[in-house]
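Following: one structure in structure tokens, then a few remarks.
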Amino acid sequence: MSPTDPEPAAPRAPHRPSLVHLLSLVPEELEAHAAAHGIALRPDEARRLLAARFAHAGHDPRPEPVGRKKIAAVEAVCRDARLALVERVHDPADGFVKYLFRAPDGLFFEAVRIPLHKPGRFSVCLSTQVGCAMRCAFCATGRLGLARNLEAWEMVASFLAVRDEAPGRVTGALFQGQGEPLQNTDEVLRAARVLSHPCGAHVAGRAITISTVGLVQGILRLAREKQPYKLIVSVTSLVAERRLRLLPVAAQTSVAELAAALRAWHGATGQRITLGWVLIGGENHDAAEVAGILEHFAGVPVCLNLIDVNDAREGGLRRATDAERGALLDRLSALRIPFIRRYSGGAERHAACGMLAAVRWDGSKPVEVTG
Ligand code: SF4
């Protein structure tokens, strides 16, 4: 991490550090962890043990069992912490389902099941931190502040809880819930590795997306390591003064530095650069923004991922009018800059991203969900 990227500000949840969680391991790591505790676990046993742990009962083919004594020995040297599902909000109008989890230390975080274009298929939007330190002007989570980073197993466990409600139909994962993923890069990459492993959740690497508000050192790391995952960078504005007002983290990195990092990432991975754009009325839909795209991203493939500002009322912001939105889309179309309009579900049920956790932040008693 460079001096320009903020350090994670909060301590991790208390846990027994000598023990790792089964949901944060791939088979080679489990084998090595068992060996370090004097347990001889063969490679095929490590694979079968993890595959059984990740299988969804009644759907995935059951792997050959490993001996009970050996399973008990391995489990004794692994953590067995679990999440509690405490609230579930389904919006029948759009099919989004928002889940609120309680971690073992009592903190709350969310995940969202997102319907994909292909009917009956879903992706899961995963939180990476409890709260967030980035303070983006348009985000409820940003107003909470950061409590701690999530551990890989917590992200994986939240994915599995959502997946198990739609076995065989959850095909993607998106690290874009609460928190800034590239402020917790080690754990996010570990979770992505487990989710995409054939003995894990076997989500295709290309169906996993990491979203960032633009932490340059993290982007350069993804480039250096040639990580296979997609990347969305929530640029939102390329006009320096506006960007600084909407995204306080912009004080640490100029647009030019961010664009250079993205060009490096594109060069290393060959992937298209996706610019996340929270569209805000009276702000980031003018000709200056389109000029910024041309200035900083000429010659590299970019796509704008547009989403209307969600939690507008609390942030003193408003959604763009049809005329404002149309003017931006017309400019992009005229210059043949591709764009996608995204939809943020659940807003009408007061369940915009971060809101479930924000409601619980004051320690109010949650309602347990049993099924
Ligand atoms: S938009 Fe993302 S990075 Fe910004 S405050 Fe919200 S959770 Fe944090």
Side-chain angles (χ1 to χ4, degrees), residues 1 4-10 98-101 107-112 114 124-150 154-155 158 173-185 187-188 191 209-219 222 230-237 242-253 258 261 274-280 283-284 304-317 319 342-347 351-361:
M1 183 167 284
T4 58
D5 285 349
E7 291 285 341
K98 304 209 172 196
Y99 302 79
L100 182 67
F101 295 100
L107 295 179
F108 297 101
F109 65 95
E110 299 175 9
V112 184
I114 302 170
V124 185
C125 181
L126 298 168
S127 295
T128 57
Q129 297 179 311
V130 179
C132 183
M134 297 291 107
R135 295 182 293 117
C136 301
F138 44 79
C139 176
T141 305
R143 286 188 282 283
L144 298 177
L146 176 66
R148 69 168 170 89
N149 286 333
L150 287 178
E154 294 174 305
M155 299 176 225
S158 62
L174 172 63
F175 292 95
Q176 197 180 38
Q178 293 170 269
E180 163 52 54
L182 295 186
Q183 218 188 17
N184 187 17
T185 313
E187 294 297 299
V188 166
T209 302
I210 296 173
S211 174
T212 176
V213 78
L215 298 192
V216 162
Q217 294 307 314
I219 294 169
L222 298 181
K230 290 182 183 163
L231 178 67
I232 296 179
V233 179
S234 295
V235 171
T236 291
S237 175
R242 186 180 286 155
R243 184 170 154 73
L244 190 56
R245 197 156 34 79
L246 297 173
L247 304 161
V249 71
Q252 298 163 21
T253 311
L258 177 59
T274 301
L275 304 177
W277 206 275
V278 179
L279 188 58
I280 302 166
E283 295 278 3
N284 54 349
L304 252 67
N305 200 324
L306 291 154
I307 188 166
D308 285 316
V309 64
N310 198 343
D311 179 33
R313 286 158 297 181
E314 282 191 47
L317 306 170
R319 292 193 176 200
R342 251 175 60 219
Y343 172 69
S344 175
C353 180
M355 294 306 287
L356 292 183
V359 167
R360 299 300 182 201
W361 200 252

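Every number for a ligand or one of its atoms is a count from 1 in the order of the listing.
Residues satisfying the ring-ring contact (aromatic ring centres under 6.0 Å, His included) test with F101, not counting sequence neighbours, are F109. A search for side chain to side chain donor-acceptor pair (under 3.5 Å) contacts involving R245 returns E241, E283, not counting sequence neighbours.
With 3.5 Å as the limit, one finds no donor-acceptor pair spanning the side chains of T128 and E180.
Of the candidates S127, C139, S211, it is C139 that places a heavy atom closest to atom 1 (S) of ligand 1.
Between N284 and V278 the shortest heavy-atom distance is ND2-O, 2.7 Å.
Residue contacts with ligand 1 for C136 involve both N, CA, C or O and side-chain atoms from C-beta outward (heavy atoms, distance under 4.0 Å).
Close approach of ligand 1 to G142 is summarised as follows: ligand atoms under 4.0 Å from at least one heavy atom of the residue are 5 (S).
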